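Here is how names work: the chains are called A, B, and so on, in the same order as the sequence lines, proteins then strands, and each is numbered from 1. All values derive from a computational prediction rather than experimental measurement.
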Protein chains: 2
Amino acid sequence: MVTMSDIAQRTGVTVTTVSNALTDRGRVSDATRSRILAVATELGYEVNLTARHLRMGRSDTIALIVPSVHDYFGEIADKLAVLAEATGRHLVLERTSALTESERAAITFQRLQMFDGVLLSAVGLDHDDVERARRRTPLVVLGERPMPATVDHVRLANEEGGRLATAHLLEHGARRVVVLGGSLSAEFGISHSRLVGWRQAHDDAGVPADPRLVVPVQDYDVRHARAALTALIADGVPFDAVFGVTDMIALGAMSALAEHGLRVPQDVQVVGFDNLLFSDFLVPRLTSVDPHSRELAATAMRLLEQRMSGADAAPEHVVNPVSLVVRGSTRAG
Amino acid sequence: MVTMSDIAQRTGVTVTTVSNALTDRGRVSDATRSRILAVATELGYEVNLTARHLRMGRSDTIALIVPSVHDYFGEIADKLAVLAEATGRHLVLERTSALTESERAAITFQRLQMFDGVLLSAVGLDHDDVERARRRTPLVVLGERPMPATVDHVRLANEEGGRLATAHLLEHGARRVVVLGGSLSAEFGISHSRLVGWRQAHDDAGVPADPRLVVPVQDYDVRHARAALTALIADGVPFDAVFGVTDMIALGAMSALAEHGLRVPQDVQVVGFDNLLFSDFLVPRLTSVDPHSRELAATAMRLLEQRMSGADAAPEHVVNPVSLVVRGSTRAG
DNA sequence: CCGCGGAGGTTTATCGATCAATCTGGTTCC
DNA sequence: GGAACCAGATTGATCGATAAACCTCCGCGG
């Protein structure tokens, strides 16, 4: 490993001068500077970021801590990475597999220290965990759980999304809309908030909302989604539409429907939420609530920049707008 | 920020003793140790990993550098993370968006230094880049490009996978199999190696392989895949099956086929490659080549462990076996 | 009474880079 | 001629933790 000290010896100056030359700080004559640069390239020197981090207290790195990377958050990550690079910073991802233990591990101060700022999407952390993390590092929380008022938070307009999706179904003839992944007992999270929109749409349309059509899905997993809808069919509960609270769940639903010979959208209409990249390629193309992830990423990054700059602005709770993308899985498409 | 020095002052011992007490090294009396621990908890001390990293030369962190996280690599990452944690290490992800520039940035020594080991899946790096990186940090390369013999490398049995997929199609009546995402001009990479398997299967079956059925797809992107197959249909080139060189490409193909009223598998059979999580949920379920990613992850981690342990074992080039998962998108399903 | 060994610490150096303060010759200007 | 100034360096401390070498009692055997 080549250090500044090696360069200093070879050029006959001190380490400080080398540092100044390489970082363009302080006063260094052109002659000395070019000698130093030449030797640096010759030896193949590269700065030790760990040492710099220790000394400067900055790592120019931002962490995105998320439950999983192969769905919604993976798409968000792509957008965030670009924004981070634009300000000379670097984005790394940590995945917690939605385990509270992993999440706790990820937000220990030890880990948080490594980064100038943290974007956190937690599923299992409570207010205390988040509050502790916030006091230790610039933090912006993403996601659909309620958060302490003290922390910057960006979430989606889940109720509105649920309402849009359900209203669209009702407008096109559906009368019994399953909300797959919803939950009557949850008090927060997407199972709750997107369900609220579902209920709202029924109220608006004057259609009764049957609680039997609220079908929970464990872990929002596509497998469990298919199983849950299959069970509903087996139970003989009649329905003519499915609102999947995520696109993955909607995918599971479409799979279950196909297994039972039910056609989409003729027999059952389907709407998802997240508008994932692949949703436009399903057969039929999936109508879905778009989370406007570009705006969401921009907002999150703006808030984080603000925190990192040390400004003690009041914490913001931003609700990102959503809109419905209509495609072939509903009768209007 | 609370440091060991703060604890040392409060307990009246030196920093070294604090370090020894907290890490269970050296000699510290039980009385002193418990006093130190008590003060540490009281002050809310947490070790500064950056300082430790600088001093120890270890970060207990492994990086997985990949083009994108929302497909195949996202699923690999999940498996690798578990294996890393098992040895007390931590996995972080870096995405390069398949841009050679980002990849170069990711493998500068500066970045690589941050990690004890690196798992790299590069699409645009040449031998020199990789060779340079290898000399600087424990490195294992994943992926389907040819690699210098000096570096540990895990790749898939692409030819075999392509052969399996194509043979399966030919066995079930297909005679004109499009290889979507293949390329006649590529000399390596999946466009080449999976095409080799396609050709092999034709030779084995004594069916002529029409070069007009080799249809390249830019960036292996689902959008481009759909467009490419649509163009093929418009050109009036007859075909009765599609081998998509990735599941994403197969998805694009299924979408294009549906748009033109072609039924899968009755009119056109489809096979993919990667066996992504969602592929089992498409309608019809997608027959796909499974990359055995659990084994792949285990192999990669084993090689990396070996490198990190400093053993100068000869570099291994491992070819991970694949197998065909037959589902409804082919006529046997 | 001397010397030895070990428990329980402390001292000092180190990792590599950065920063504030300081030193050293020249020049310039009045 | 001397004060003021400046370019171009250097010194020394620092970030926080760790490792190796060293010191200091204390008890104990000979």
Check: Is a salt bridge present between A/R134 and A/D152, judged by a nitrogen-to-oxygen distance below 4.0 Å?
Finding: no
Note to self: Any salt bridge linking B/R89 with B/E85? Criterion: basic side-chain nitrogen under 4.0 Å from a carboxylate oxygen.
What the structure shows: no
Notebook entry, point to check: Are A/E144 and A/S193 linked by a side-chain donor-acceptor pair shorter than 3.5 Å?
Noted result: no
Margin query: So if I apply the side-chain contact (heavy atoms from CB on, under 4.5 Å) rule between B/T87 and each of B/M301, B/M308, B/E305, which one comes out positive?
Written below: B/E305
Notebook entry, point to check: Could you state the interatomic distance from CZ (B/R111) to CD (A/E46), rounded to the nearest 0.5 Å?
Noted result: 11.0 Å
Item checked: Nearest-0.5 Å distance that lies between atom CG in B/L43 and atom CD in B/Q9 -> 10.5 Å
Note to self: Nearest 0.5 angstrom please: B/M114 CE to A/T50 OG1, how far?
What the structure shows: 4.5 Å
Check: Would you call B/K79 and B/E295 a salt bridge, using N to O less than 4.0 angstrom?
Finding: no
Margin query: Less than 4.0 angstrom from a charged side-chain N to a carboxylate O is my criterion; do A/E187 and A/R145 meet it?
Written below: no
Checklist line | DNA chain D contacts among residues 38-56 of chain B, heavy-atom distance under 4.0 Å | finding: B/Y45, B/V47, B/N48, B/A51, B/R52, B/R55, B/M56
Checklist line | For A/H153, all residues meeting ring pair (Phe, Tyr, Trp, His ring centres under 6.0 Å), sequence neighbours excluded | finding: A/H317
Next item on the list: Establish, from distance only, whether the side-chain atoms of B/T23 and B/N20 form a donor-acceptor pair under 3.5 Å.
Entry: no
List every contact pair, protein side and nucleotides 5-8 of chain C side both N or O, where the distance is under 3.5 Å.
{"unit_1": "C/dG8", "atom_1": "N7", "unit_2": "B/R27", "atom_2": "NE", "d": "2.8"}

Item checked: Contact boundaries on DNA chain D for chain B, cut-off under 4.0 Å to non-hydrogen atoms -> D/dG16 to D/dA20
Note to self: Tell me the interatomic distance from B/R58, atom CZ, to C/dC15, atom P, rounded to whole angstroms.
What the structure shows: 17 Å
Check: Where along residues 12-22 of chain A does a heavy atom come under 4.0 Å from DNA chain C, residue by residue in number order?
Finding: A/V15, A/T16, A/S19
Margin query: So, using side-chain hydrogen bond (donor to acceptor under 3.5 Å, both in side chains) as the criterion, who are the partners of B/D274 when residues are at least two apart?
Written below: none
